[in-house]
Undergrad: 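Here it is, the structure, as structure tokens.
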2 protein chains.
Amino acid sequence: MEIQISRESTIPLHLQLLNQLRHRILSGHWPPGSRLPSETMLQRRLGISRSTVRQALHRAESEGLIERVPGKGTFVARQPGGPPNSRLIGYITFDFLSDFQRQLLRGAEDRARSRGYRILFCNSNRDVAEEDRLLEQLLADQVRGILIWPALDNRPSRRLFHLAQQCRVPLVLMDRTLPGLRCDHVSSDNYGGAYAAVSHLIELGHRRIAFLSRPILQLEPVAERLRGYRAALQEAGLSPLEPWLLGAPGREMDVGYALHTYHAASSQEIQELMRRLDRPDRPTAIFAMNDLMATQALKAAALVGLQVPEDLSLVGFDDMDIARHLEVPLTTVAQDTFALGQRAAEFLVERLEGYPGPPRREVLPTQLRIRASTGPARAVERTRAPGPLVEKAQCTPCQGFTNS
Amino acid sequence: MEIQISRESTIPLHLQLLNQLRHRILSGHWPPGSRLPSETMLQRRLGISRSTVRQALHRAESEGLIERVPGKGTFVARQPGGPPNSRLIGYITFDFLSDFQRQLLRGAEDRARSRGYRILFCNSNRDVAEEDRLLEQLLADQVRGILIWPALDNRPSRRLFHLAQQCRVPLVLMDRTLPGLRCDHVSSDNYGGAYAAVSHLIELGHRRIAFLSRPILQLEPVAERLRGYRAALQEAGLSPLEPWLLGAPGREMDVGYALHTYHAASSQEIQELMRRLDRPDRPTAIFAMNDLMATQALKAAALVGLQVPEDLSLVGFDDMDIARHLEVPLTTVAQDTFALGQRAAEFLVERLEGYPGPPRREVLPTQLRIRASTGPARAVERTRAPGPLVEKAQCTPCQGFTNS
DNA sequence: GGATGGTACCTGTACGTACAGGTTGATCCC
DNA sequence: GGGATCAACCTGTACGTACAGGTACCATCC
């Protein structure tokens with residue numbers, strides 16, 4: 001198990017060395033008090049200059065990992081864990097309005113606590129400037145790593161990119177990625193969940209299936225759901241419809257407003273839905289971006305006299321609490337948000353213990369929960385537009401998990 | 001007062017520079033946030049190499065004296081002198097399963113952040129031993145104060161009592177009190193909310209009103225709701241019924257289990273409810289301890305053929321998300337949990353800033369939200385058992401607030 | 001007036017050299 | 001055998017160069 005340094009990596013040489021030293025020391029591979037190879041030894045073995053080796057060693061020393069004795073050599077510190085108050089993990093979320101976020105935090109806290117870390121919780125409230133300030137403060141609070149569900153903004157000026165590049169503290173992105181930000185990432189299988197949901201509808205004989213969303217298609221999870229919707233339809237030889245976008249338009253640089261209306265049920269949107277449902281060429285099924293929008297569709301359907309699922313099938317996403325308590329219990333795609341948080345914390349702790357590899361990505365399975373809001377398409381329509389039936393709703397293999 | 005470097009000194013050049021930087025910064029001669037001369041500037045002015053300058057600056061950085069920003073320059077740290085006065089607040093909750101707890105945390109974080117503090121979030125998972133460990137760790141993490149929603153247990157051995165007695169860090173209790181624990185406390189007006197809810201039912205002509213709960217009457221908030229229920233009935237000259245307790249019995253020392261079943265809807269309980277509702281002497285209205293139990297009552301009513309609100313009125317508590325999305329939108333009592341968290345953080349910050357007085361208690365108003373699940377009692381029953389009508393539903397005066 | 005591009009400046013990264021002064025252990029001399 | 005000596009090796013100090021990539025500012029052009 002030699003130390004490996006890659007010239008191709010974007011991570012600076014001295015940080016590569018530092019990370020691997022940290023890994024060996026914290027994992028116990030090099031026991032406390034043992035002697036490290038000398039600077040010239042490392043220099044020769046790794047093919048880098050002594051200055052670079054020294055840079056890594058100095059950092060390791062200031063982290064309390066090693067002790068250097070002039071004339072004698074370099075040694076693993078007796079207590080390589082460092083000062084006791086440094087077992088903090090920063091946690092930043094762009095928002096804390098939904099149950100989804102509660103589950104995520106609960107999962108992260110659960111796993112962090114079991115590994116001896118505590119969570120420093122911050123809410124950026126969709127404000128990138130606030131997020132920058134919070135990142136700074138977390139560094140000042142001496143956090144060892146940061147879990148972040150970032151606000152939306154790709155400007156490279158934001159502190160997040162700088163941190164990711166510097167590699168001073170490891171980062172783990174939750175739920176969404178940002179273009180150009182290279183670090184560990186966990187998310188749910190939004191694509192697979194949408195694919196399974198729409199396949200389920202196709203299997204029931206539906207041919208005209210609408211995708212209902214707010215105008216926030218640039219959000220990665222929503223984009224993935226749209227992709228899954230389209231893929232399922234196209235593989236069945238059906239045509240995706242133009243997405244139904246309700247609510248205020250999503251502005252390029254100010255997604256904050258779109259997110260703000262994310263949870264608000266405005267009557268204007270119900271009106272618009274009623275108009276779209278009260279037409280002869282209406283779809284026979286709707287796949288909604290989330291349960292709240294599905295709820296709005298349910299209301300609009302009732303108002304124009306459509307029965308669910310007899311006249312209109314509905315599928316939501318997220319399996320929120322309300323899904324099973326609606327008048328017509330909602331078929332929906334569940335995410336294991338708790339596990340998502342746990343996995344994020346695991347990724348981070350592994351980095352803190354020195355895991356050296358390139359950025360990892362984990363996509364957790366979603367699960368289609370079939371309830372009363374989906375049923376067979378009307379026989380009339382089935383005979384009118386006979387298409388190939390998909391044999392079985394596909395979904396990433398999933399084990400049972402609950403939302404609470 | 002120029003920086004002087006002596007080649008004759010036995011002190012290394014970079015240490016000479018570091019010492020003078022440290023002096024200037026800690027003495028306030030260079031104020032926090034101000035900019036240091038650039039590396040090349042120092043190099044020229046002092047006649048030493050850039051490497052040597054960098055050596056000093058790196059050390060100053062790891063001492064927390066300065067902050068370096070690529071592309072911009074080097075700056076005196078905002079808090080030079082290290083982190084002796086950390087701005088961390090510990091937050092312990094006994095549980096993190098409901099939206100209520102999310103709102104509470106969100107409120108506390110919001111106010112703490114605006115006052116310059118960060119929240120160190122921990123979940124004791126209803127385990128008093130774990131809570132003890134977490135309290136210890138928070139102290140080791142140098143928190144300045146602690147917000148806690150404690151697990152249930154009155155044994156004076158628990159760490160919490162020691163802390164309150166020692167007064168090393170201020171404590172604020174949230175939602176519930178513990179007998180014998182003297183410290184600041186915030187809660188909702190459970191009594192007033194229940195009183196308003198039951199008064200609303202009485203005003204509608206109901207005479208037989210049941211109190212539906214799980215066997216956890218020893219929980220202070222539940223006890224307060226029961227007290228409000230009884231007071232409203234008695235003041236109207238009516239008799240409270242024996243509480244309907246559904247689910248596993250609440251054991252004295254192990255409330256964990258009762259809380260565990262808190263959110264589970266078991267069909268056994270529905271069966272029991274159906275039995276109780278399918279009798280001639282059934283109540284005409286039910287005041288449920290929370291919305292989830294009200295939901296169960298709604299199901300049971302439908303199963304025995306009772307219409308809500310025509311045959312049975314229902315009131316819940318908490319105004320959870322599901323309340324307004326139920327088949328029959330639920331009349332319920334809303335708590336301003338966000339404000340509760342804010343107030344708790346305010347209490348704590350005031351203590352941190354030196355507020356000296358005795359323990360304070362704040363009870364935040366609740367708000368009755370009348371929806372479709374409550375209606376007038378049947379004329380038959382009104383004539384059968386005419387009683388004095390209460391003039392107006394009383395409630396602590398409240399301003400509008402939302403749950404999201 | 002506002003986007004655009006150039007330029008100066010800043011820190012980060014990485015390489016190299018040279019010498020000082022301490023520790024260690026083998027060797028040599030008395 | 002015991003002490004002095006020396007070479008090998010270690011880290012510390014100090015110098016130098018070169019380039020990359022970011023920020024900030026200003027002049028320019030449309």
Side-chain angles (χ1 to χ4, degrees), chain A residues 5-19 21 34-62 65-77 129 132 139 154-169 180-182 252-253, chain B residues 5-19 21 34-62 65-77:
Chain A
I5 300 285
S6 161
R7 294 258 166 200
E8 274 67 47
S9 167
T10 60
I11 302 174
L13 301 183
H14 70 270
L15 281 180
Q16 291 185 46
L17 176 54
L18 173 62
N19 288 336
L21 292 177
S34 62
R35 183 168 173 188
L36 270 67
S38 74
E39 293 177 0
T40 42
M41 192 73 108
L42 286 170
Q43 168 184 8
R44 272 202 300 271
R45 273 222 296 253
L46 303 177
I48 58 181
S49 76
R50 187 178 159 217
S51 317
T52 308
V53 172
R54 285 177 62 76
Q55 217 169 337
L57 291 177
H58 278 136
R59 291 210 155 182
E61 187 181 26
S62 72
L65 290 171
I66 60 173
E67 289 168 8
R68 326 192 67 200
V69 185
K72 290 184 72 175
T74 305
F75 304 86
V76 177
D132 285 352
L139 292 180
N154 296 333
R155 277 176 294 186
S157 63
R158 65 193 285 185
R159 206 73 185 84
L160 193 53
F161 286 94
H162 184 218
L163 277 182
Q165 201 208 342
Q166 275 193 319
C167 304
R168 278 177 53 193
V169 298
L181 189 57
R182 293 189 74 247
E252 267 285 305
M253 296 306 283
Chain B
I5 299 286
S6 159
R7 296 253 166 204
E8 276 66 46
S9 167
T10 60
I11 302 172
L13 299 184
H14 71 269
L15 281 183
Q16 293 185 44
L17 176 53
L18 174 62
N19 289 337
L21 290 177
S34 61
R35 182 167 174 188
L36 270 68
S38 75
E39 294 177 359
T40 42
M41 191 72 110
L42 287 170
Q43 168 185 9
R44 273 201 299 270
R45 273 222 296 253
L46 305 177
I48 58 181
S49 78
R50 186 177 159 218
S51 316
T52 308
V53 172
R54 282 176 65 75
Q55 218 169 340
L57 291 178
H58 278 138
R59 290 211 165 188
E61 188 181 25
S62 70
L65 291 170
I66 62 173
E67 289 171 7
R68 326 192 67 201
V69 185
K72 291 184 71 175
T74 305
F75 304 86
V76 177

Undergrad: Scan A:S51 against the nucleic acid and name what it touches under 4.0 Å (heavy atoms): base, sugar-phosphate only, or nothing.
TA: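 Contact class for A:S51: base.
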Undergrad: Check the distance between C:dA14's P and A:L46's CG and give it to me in whole angstrom.
TA: 13 Å
Undergrad: Rounded to the nearest angstrom, tell me the gap between atom CD in B:E39 and atom P in D:dA20.
TA: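 Going from CD in B:E39 over to P in D:dA20 covers 18 Å.
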Undergrad: Do B:Q16 and B:N19 make a side-chain contact, defined as non-hydrogen atoms from C-beta onward lying under 4.5 Å apart?
TA: no
Undergrad: In whole Å, I'd like the distance from the CD atom of B:Q55 to the C1' atom of C:dT13.
TA: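 My rounded result for the distance is 16 Å.
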Undergrad: Rounded to the Å, how far apart are B:H58 NE2 and D:dA14 P?
TA: 16 Å
Undergrad: What integer distance in Å separates B:L17:CG from D:dT13:P?
TA: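 From B:L17 CG to D:dT13 P: 13 Å.
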Undergrad: Just compare C:dC15, D:dC10, D:dG12 and give me whichever is closest to any side-chain atom of A:L13.
TA: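 So the nucleotide nearest the side chain must be C:dC15.
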Undergrad: With a 4.0 Å cutoff (strictly under), does any side-chain N or O of B:T52 reach OP1 or OP2 of D:dC15?
TA: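 Yes, such a contact exists.
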Undergrad: Give the nucleotide from the list D:dT13, C:dC15, C:dG12 with an atom nearest to the side chain of A:R54.
TA: D:dT13
Undergrad: Looking only at side-chain atoms of A:R50, point me to the closest of C:dG12, D:dA14, D:dT11.
TA: D:dT11
Undergrad: Using a 4.5 Å cut-off on heavy atoms from C-beta on, say whether the side chain of B:R68 contacts that of B:R54.
TA: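 Touching, per the 4.5 Å side-chain cut-off.
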Undergrad: Quick one: do B:L15 and B:R59 satisfy side-chain contact (heavy atoms from CB on, under 4.5 Å)? Show the steps, please.
TA: CA-CA 9 Å; B:L15 281 183; B:R59 290 211 165 188; 3.8 Å; yes
Undergrad: The side chain of B:K72 is closest to which nucleotide in this list: D:dA24, D:dT11, D:dC15?
TA: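 Shortest atom-to-atom distance from the side chain points to D:dA24.
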Undergrad: When you check the phosphate oxygens OP1 and OP2 of C:dC10, does a side-chain N or O of B:T40 lie under 4.0 Å from one of them?
TA: yes
Undergrad: Between atom CD1 in A:I48 and atom P in C:dG12, what is the gap in whole Å?
TA: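 In whole Å, C:dG12 P lies 19 Å from A:I48 CD1.
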Undergrad: Measure from the side chain of B:R35, starting at C-beta and using heavy atoms only, and say which of C:dT13, D:dT13, C:dC10 lies closest.
TA: C:dC10
Undergrad: Does B:L57 reach a base, just sugar-phosphate, or nothing at all? Heavy atoms under 4.0 Å.
TA: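 Touches nothing.
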Undergrad: Answer yes or no: is there a side-chain heavy-atom contact under 4.5 Å between B:L21 and B:L57?
TA: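 Contact flag for B:L21/B:L57 side chains = yes.
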Undergrad: Rounded to the nearest angstrom, tell me the gap between atom CG in B:L18 and atom C1' in D:dG12.
TA: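 About 15 Å, once rounded to whole Å.
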Undergrad: How would you label the contact of A:S49 with the nucleic acid (heavy atoms, under 4.0 Å): base, sugar-phosphate, or nothing?
TA: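 Base contact.
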Undergrad: Would you mind checking if A:E67 and A:K72 are paired as a salt bridge, meaning a charged N to carboxylate O distance below 4.0 Å?
TA: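 Here A:K72 does not pair with A:E67 in a salt bridge, since their nearest N and O are not under 4.0 Å apart.
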Undergrad: Expressed as a whole number of angstroms, how long is the span from A:Q43:CD to D:dC10:P?
TA: 11 Å
Undergrad: Taking the nucleotide of DNA chain C with the closest heavy atom to each, which residue, A:H14 or A:P70, is nearer the 5' end?
TA: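 It is A:H14 whose nearest nucleotide is closer to the 5' end.
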